Every structure is written in structure tokens, then in C-alpha cells.
Student: 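After the C-alpha cells below, expect a handful of questions from me.
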There are 2 protein chains.
Amino acid sequence: MSDAVPFLARVPGIQYGVLDTLTGYAVRRTQLRMYEDFVQALAPWHITPPRYSALVIISMNPGLKLTQLAQILGIARSGAVILVDALAELGYVSRDPMPEDRRAFSLQLTERGRTDLEAITATVQAHDERVTASLDAQERATLHGLLHKLSGIADSPGDPVPEAVEPANQ
Amino acid sequence: MSDAVPFLARVPGIQYGVLDTLTGYAVRRTQLRMYEDFVQALAPWHITPPRYSALVIISMNPGLKLTQLAQILGIARSGAVILVDALAELGYVSRDPMPEDRRAFSLQLTERGRTDLEAITATVQAHDERVTASLDAQERATLHGLLHKLSGIADSPGDPVPEAVEPANQ
DNA sequence: TATTGTTATACTCTATAACTATA
DNA sequence: TATAGTTATAGAGTATAACAATA
């Protein structure tokens with residue numbers, strides 16, 4: 001027998017107690033729901049969230065070494081190897097030799113990687129908008145600002161993220 | 001050689017491109033950081049986020065069947081078995097027979113479960129406050145409201161979730 | 001010696017499917 | 001037949017540790 005269990009944030013009649021007061025639980029609950037939708041939407045490309053992150057990072061920062069990619073993504077080098085292997089197998093990433101250091105490889109998007117990344121990104125953006133459809137533009141901006149604060153992203157110079165945005169709800 | 005890789009939301013000199021505009025990436029990034037802190041803070045009790053959720057749900061809704069717990073948590077029954085096994089091994093949860101259905105068990109907290117859950121919850125709350133320390137009370141309330149909206153929690157009838165929640169401290 | 005990429009191995013969390021004992 | 005709990009097995013995603021080639 002199969003148990004596909006779509007996650008319901010709230011089951012009627014159930015008491016959630018302290019869970020409802022924890023920011024961490026709210027974030028986790030939201031993340032689970034979004035992750036599910038992402039995986040489903042990107043299944044045709046065999047792209048998962050970590051793979052997409054890696055793809056974008058390599059695209060925006062061509063010539064990275066695998067060790068650098070691992071640091072940026074916050075994973076172990078062995079994990080980066082698996083990630084790059086998968087992206088290489090999909091034909092999206094190539095390991096080019098580095099003349100100045102024959103131990104290392106320079107990571108690049110392939111031609112196909114560049115092309116498909118556009119379609120993939122369009123799908124990701126559609127997914128992101130669909131999943132946040134319950135928020136208006138201002139609420140979304142507020143949420144971004146708050147999450148950036150939480151995850152330790154200092155307001156970047158040209159983009160003073162949150163305070164300017166009003167509480168929105170009331 | 002070991003690679004402990006603490007996750008940095010932003011590595012200097014790296015371009016994040018579209019990732020910075022995606023709500024999903026911001027949520028995932030925040031969740032990763034919080035998860036790490038939770039696991040570290042609760043390690044003395046061998047409590048992980050899924051275990052904590054299960055513990056609170058069982059505590060607030062005594063007498064649940066394992067299949068109900070699985071539905072509430074959004075996991076497969078086989079996963080609930082593993083979760084309950086772990087909590088039972090820690091001495092926190094018991095499976096009591098259900099006279100009206102001899103196939104099922106009634107899930108309860110043990111005496112020790114009730115006692116330890118208080119200390120565990122205090123630790124979880126301390127963790128949650130520490131990790132959200134960069135937000136003031138109003139920002140936290142706003143974040144809760146937005147996340148609840150996102151994760152599909154309709155303002156429940158008797159408890160119009162976000163607006164009514166007072167800033168509490170001030 | 002130290003670093004780069006790799007491999008071997010293991011652990012957590014999750015899933016599907018089949019089994020058993022009841023209903 | 002269908003359901004409750006369980007077990008077997010597998011697949012992501014992550015980790016640590018050790019290795020060969022190169023610095």
C-alpha cells in the first residue's frame with residue numbers, strides 16, 4: 001500500500017501548542033511545502049533545489065573550483081563532487097583544465113547548460129510566484145527583507161532591504 | 001581531511017543572480033541556518049526538529065494513533081514508526097493498547113516525557129529567540145503572519161492568527 | 001607538508017511496497 | 001476486502017576519512 005502524504009500545515013481538530021509560536025517551525029513548514037512544489041515543477045529537468053543553486057552559482061561565477069563551489073553552497077567537497085557529477089551527466093556543466101593548477105578544474109556551463117538554464121529559471125520563477133501567490137508585492141518584499149535579516153545577510157550597499165517596507169498587515 | 005562547512009548566506013565576491021530574488025531560496029537559506037542551530041542546541045536530548053514536532057503533537061493530542069500522527073506530520077506511516085520508536089527508546093512516548101481496536105495503539109507521553117518536554121521546550125524557545133534575535137517583536141509578528149499565509153494556514157476562526165498576536169514584549 | 005578532487009563509507013530522513021493481525 | 005502497524009529496501013542529501021596527483 002502506498003502512503004503519499006501531502007503536507008497539510010494544519011489538520012482540523014489538532015492542537016499544535018507551542019509549535020505555532022516558533023519561528024523555526026513556521027519556516028520549516030513553509031520550506032517543506034515550497035520544496036515539494038519545486039521538486040514537482042522541476043522534475044522534467046531532473047533539477048532539485050541544490051542542483052539549481054549550483055547551476056546558478058556556476059553560471060554567475062564561471063571558472064570556480066569545486067572547492068570554492070562547496071564553500072559557497074555550504075557543503076562538503078564530497079557533496080560538491082556528486083552535485084557536479086549530476087550536472088555534468090545532464091550535460092549542463094563541464095570541468096575544464098586549469099593551466100595554472102593542474103590539480104583543479106574550472107567549472108563552466110556548457111552551451112546546453114546556458115540554454116536550458118533560461119527555461120529552467122523561467123520554470124523556477126513561475127513556481128516561486130505560484131507558491132507565493134497569497135502575498136502581494138509589498139508583503140513579498142517585506143518577507144524577503146525579514147528572511148535576509150534572519151539568514152545573516154547584511155543589507156547590501158545598493159539595496160537597503162527591509163525597514164522602508166511597511167508592516168503590510170493591518 | 002575534514003570539511004566542516006558552516007553555511008554562509010553570502011560569500012564575498014560571489015554573484016548570486018536570480019537566487020537573491022526567489023522567496024524559496026530565502027526560505028531555504030533561513031531554514032538551513034535555523035536547523036543547524038536547533039540540532040546543536042538540542043543535541044543533549046537527542047531531539048531533532050521532526051522528533052520535537054512529534055513530541056509536541058502527541059503531548060497536545062494524547063491518544064493519537066500512529067497513522068493519524070503520520071498524517072499530521074505529513075510523513076509516511078513507516079516514517080512515523082521510526083519516529084515513535086526513537087521517542088519510545090528515549091523513554092518519552094508509550095504505545096498503549098486500544099481496547100476498541102486491537103490493531104492500533106494509543107500514543108501517550110510518559111511521565112518522563114512530560115517532565116523532559118518542559119525543559120526541552122525551554123531550550124527550543126531559547127534557540128528560537130536566539131536565532132531570531134536580529135528581529136524585533138513587531139518584525140517577528142509580521143514574519144509569522146506572512147509565513148502562515150504562505151504555508152496555507154488560513155486565519156482560523158477562533159484565532160485570527162497574525163494581526164491579533166500582540167508584540168508581547170514592550 | 002598542504003591542497004584538489006576523488007572515492008569509500010555511513011547516517012538521517014524520507015519513500016514505496018509487502019507482510020501480519022486484526023476489522 | 002480494508003486498515004493499523006510493521007518490516008524490508010532504496011534513494012536523496014549530507015558527513016568524515018583516506019587516497020593519488022600536484023603544489
Side-chain angles (χ1 to χ4, degrees), chain A residues 1-7 28 31-33 35-36 38-40 42-43 46-54 58 63-90 93-107, chain B residues 1-7 28 31-33 35-36 38-40 42-43 46-54 63-89 93-107:
Chain A
M1 186 194 301
S2 107
D3 304 40
V5 189
F7 181 63
R28 181 155 169 271
Q31 206 270 329
L32 283 175
R33 178 169 272 233
Y35 200 96
E36 275 180 14
F38 186 109
V39 169
Q40 216 170 14
L42 275 299
H46 309 287
I47 289 296
T48 60
R51 285 179 188 180
Y52 182 68
S53 304
I58 293 171
L64 286 177
K65 292 189 289 183
L66 188 138
T67 296
Q68 293 177 298
L69 179 65
Q71 288 171 337
I72 294 163
L73 297 178
I75 61 178
R77 284 174 300 156
S78 57
V81 170
I82 293 170
L83 218 42
V84 171
D85 280 351
L87 294 175
E89 221 167 290
L90 289 168
V93 166
S94 69
R95 292 166 160 103
D96 298 348
M98 278 187 138
E100 68 273 28
D101 186 343
R102 290 187 311 176
R103 295 171 302 180
F105 294 106
S106 166
L107 298 175
Chain B
M1 186 193 302
S2 107
D3 303 39
V5 189
F7 181 62
R28 180 156 170 271
Q31 206 270 331
L32 283 174
R33 179 169 272 234
Y35 200 97
E36 275 180 13
F38 186 110
V39 169
Q40 216 170 14
L42 275 299
H46 309 288
I47 290 296
T48 60
R51 287 178 187 180
Y52 182 67
S53 304
L64 285 177
K65 293 190 288 184
L66 187 138
T67 297
Q68 292 177 298
L69 179 65
Q71 288 172 338
I72 294 164
L73 297 177
I75 61 178
R77 285 174 301 155
S78 57
V81 170
I82 293 169
L83 217 42
V84 171
D85 280 351
L87 294 175
E89 220 167 290
V93 166
S94 69
R95 290 166 161 103
D96 298 348
M98 277 188 140
E100 68 273 27
D101 186 342
R102 291 189 309 177
R103 295 171 302 180
F105 294 108
S106 166
L107 298 175

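Because the structure is a prediction, the values reported are computed rather than measured. Labels below follow one simple rule: chain letters A, B, ... track the order of the sequence lines, proteins then strands, and each chain is numbered from 1.
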Student: For the pair made of CE in M98(B) and C1' in dG5(D), what is the distance, rounded to whole Å?
Tutor: 13 Å

Student: Hey, what do you get for CZ (F105(A)) to CE (M98(A)), rounding to the nearest 0.5 Å?
Tutor: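 Going from the CZ atom of F105(A) to the CE atom of M98(A) covers 10.5 Å.
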
Student: On DNA chain D, does the nearest nucleotide to R51(A) precede the nearest nucleotide to D101(A) from the 5' side, or the other way round? Give the residue.
Tutor: R51(A)

Student: Would you indicate, yes or no, if dC13(C) has its OP1 or OP2 atom less than 4.0 angstrom from a side-chain nitrogen or oxygen of Y35(A)?
Tutor: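 Indeed not, no polar side-chain atom of Y35(A) lies that close.
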
Student: Between T48(A) and dG13(D), is there a side-chain N or O to OP1/OP2 distance below 4.0 Å?
Tutor: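 T48(A) to dG13(D) OP1/OP2: side-chain N or O found under 4.0 Å.
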
Student: Calculate, to the nearest 0.5 Å, the distance between atoms CD1 and CG belonging to I47(B) and L87(B) respectively.
Tutor: 6.0 Å

Student: What is the separation between atom CG on D85(A) and atom P on dT4(C), rounded to the nearest whole Å?
Tutor: 18 Å

Student: What nucleotide among dG5(C), dA15(D), dA4(D) has an atom nearest to a side-chain atom of V81(A)?
Tutor: dG5(C)

Student: Does a sphere of radius 6.0 Å around CD in E100(B) hold more than 12 heavy atoms from other residues, nucleotides or ligands, not counting ones at 6.0 Å or beyond?
Tutor: yes

Student: Using atom CG of L83(B) as one end and atom P of dT12(C) as the other, report the distance to the nearest whole Å.
Tutor: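 Atom CG in L83(B) sits about 13 Å away from atom P in dT12(C).
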
Student: In whole Å, I'd like the distance from the CG atom of L73(B) to the C1' atom of dC13(C).
Tutor: 13 Å

Student: Separation of Q31(A) atom CD from dG13(D) atom C1', in whole Å?
Tutor: 13 Å

Student: Atom OG of S106(A) and atom NZ of K65(A): how far apart are they, to the nearest 0.5 Å?
Tutor: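 Spacing of OG (S106(A)) from NZ (K65(A)) equals 10.5 Å.
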
Student: Is there a donor and acceptor pair closer than 3.5 Å between the side chain of S78(B) and the base of dT16(C)?
Tutor: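 Per atom types, the contact qualifies.
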
Student: Rounded to the Å, how far apart are E100(A) CD and dA21(D) P?
Tutor: 21 Å

Student: Find the distance L107(A):CG to dT6(C):C1' and express it as a whole number of Å.
Tutor: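 Atom CG in L107(A) sits about 14 Å away from atom C1' in dT6(C).
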
Student: Check every strand shown and say whether I82(B) touches a base, only sugar-phosphate, or nothing at a heavy-atom separation below 4.0 Å.
Tutor: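 Base contact.
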
Student: Q68(B) has an atom CD; how far is it from atom C1' of dT3(D), in whole Å?
Tutor: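 Taking CD of Q68(B) and C1' of dT3(D), I get 13 Å after rounding.
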
Student: Spell out yes or no: do the side chain of R77(A) and the base of dG5(C) have one donor N/O and one acceptor N/O closer than 3.5 Å?
Tutor: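 Present.
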
Student: Checking contacts here: which listed nucleotide (dA4(D), dG13(D), dT4(C)) is nearest the side-chain heavy atoms of P50(A)?
Tutor: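 Closest nucleotide among those given: dG13(D).
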
Student: Please test L69(B) against L83(B) for side chain to side chain contact (heavy atoms under 4.5 Å, CB included), starting from the C-alpha separation and ending with a verdict.
Tutor: CA-CA 10 Å; L69(B) 179 65; L83(B) 217 42; 5.5 Å; no

Student: For dT6(D), does OP1 or OP2 lie under 4.0 Å from any side-chain N or O of R95(B)?
Tutor: yes

Student: Could you check whether the side chain of R102(A) and the base of dT22(D) have a donor-acceptor pair of N or O atoms closer than 3.5 Å, going by distance alone?
Tutor: no

